[in-house]
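For the single chain, residues carry numbers from 1 onward in sequence order. Quick caveat, the model's predicted, so the values are computed rather than measured.
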Amino acid sequence: MDINQIPQDKSKTYGGHAKVVYAVKNGSYTKATTSGWEDEEFVTLQAVDALAEQTQLAFHAVKNEQRSSLFYYMFLYRHDITSLAQTSGFFRWQIKRHFKPLVFKKLSDKKLNRYAQVFNLSIEQLKQLPTEDNRTQNNYPFK
C-alpha cells in the first residue's frame with residue numbers, strides 16, 4: 001500500500017493511539033502510522049465480543065458448579081489452556097483436571113499461588129467468583 005493510502009479512520013479500538021505499519025514510499029518500504037481503519041475495528045470488536053461471551057459462559061459454568069473458578073479466570077484474563085500452562089508451569093492435562101471443582105478444592109496453597117500469580121490475584125480471590133455487581137462494573141481486568 002502506498003503511504004498516502006493508509007487509512008486514518010480514528011479507530012476507537014486504538015484508544016487514541018497510532019499503530020506502526022509498513023507502506024511504500026518512492027518504491028521502498030518505510031514505516032508509517034495509522035489511527036486505524038473501519039474493517040480492522042469491526043473485526044477487533046467481533047473478537048472482543050466473542051471473548052466476552054466465552055467469559056460469560058465460563059462464569060455460569062462455575063456458578064452452576066460444573067467448573068472451578070480457575071476456568072472463569074482463565075477466560076477473564078484472556079488465556080487459553082496453552083498460554084495458562086506456559087505462564088503457570090502446569091501441564092495442560094493438569095489444568096484441565098484443575099477445572100473440576102472437587103479437584104480444585106483440594107489443591108495446595110502452593111499450587112493455588114502459582115495460578116494466583118498469573119492472574120495477579122490473592123488465593124482467596126482465585127477461589128471464588130466476583131460478585132455480580134463487581135463483575136459487571138469491571139468486566140475486563142485491564143481497563
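- The aromatic rings of W93 and F91 lie parallel to each other, their planes meeting at an angle below 30°, with 60° marking the opposite boundary.
- Counting only heavy atoms from C-beta outward, the side chains of L84 and Y115 approach each other to under 4.5 Å.
- From L102, atom CG reaches atom CD of E65 across 9.0 Å, with rounding to the nearest 0.5 Å.
- Taking the side chain as every heavy atom from C-beta outward, F104 and S69 approach each other to under 4.5 Å.
- The minimum heavy-atom distance between T33 and Q8, with the atom names listed, is O-NE2, 2.8 Å.
- Of the possible polar contacts, one joining the E41 side chain to the K12 backbone as a donor-acceptor pair under 3.5 Å is found.
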Is there a side-chain contact (heavy atoms from CB on, under 4.5 Å) between I3 and V24? Walk through the geometry before answering. CA-CA 6 Å; I3 198 163; V24 177; over 6 Å; no
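- R114 forms a cation-pi arrangement with F90, by the criterion of a distance under 6.0 Å to the ring centre and an angle within 45° of the ring axis.
- In N120, the CG atom is not crowded: 12 or fewer heavy atoms of neighbouring residues, nucleotides or ligands sit closer than 6.0 Å.
- Between the CD atom in E38 and the NZ atom in K10 there is a gap of 12.5 Å [rounded to 0.5 Å].
- Taking the six-membered ring for Trp and the full ring otherwise, the centers of F59 and Y72 sit less than 6.0 Å from each other.
- Distance check: K25 NZ to K31 NZ gives 14.0 Å after rounding to the nearest 0.5 Å.
- Between H98 and L70, the closest heavy-atom pair is CB-CD2, 3.7 Å.
- Taking the side chain as every heavy atom from C-beta outward, Y77 and L121 approach each other to under 4.5 Å.
- Here the CG atom belonging to L112 is positioned 13.0 Å from the NZ atom belonging to K105, to the nearest 0.5 angstrom.
- Between H79 and F119, the ring planes are perpendicular. Angles over 60° get that label, and only those under 30° would be called parallel.
- Among all heavy-atom pairs drawn from L126 and A116, the shortest one is CD2-N, 3.9 Å.
- Rounded to the nearest 0.5 Å, atoms NZ (K127) and OG (S68) are 12.5 Å apart.
- Closest heavy-atom contact between I95 and I81: CD1-O, 3.9 Å.
- A continuous path of hydrophobic side-chain contacts links V21 to M1 [ILVMFWY only; heavy atoms under 4.5 Å].
- D80 places a side-chain N or O within 3.5 Å of a backbone atom of T82 that can act as its donor or acceptor partner.
- Environment of CD in Q125: crowded, with over 12 heavy atoms of neighbouring residues, nucleotides or ligands closer than 6.0 Å.
- For the atom pair I6 CD1 and S35 OG, the distance stands at 10.5 Å (nearest 0.5 Å).
- A heavy-atom distance below 4.5 Å is found between the side chains of N113 and Q117.
- Across every non-hydrogen atom of Q128 and Y73, the tightest pair is O-OH, 2.9 Å.
- Side-chain atoms of D2 come within 3.5 Å of backbone N or O of N4 as a donor-acceptor pair.
- A donor atom on one side chain and an acceptor atom on the other are found under 3.5 Å apart for Y14 and E40.
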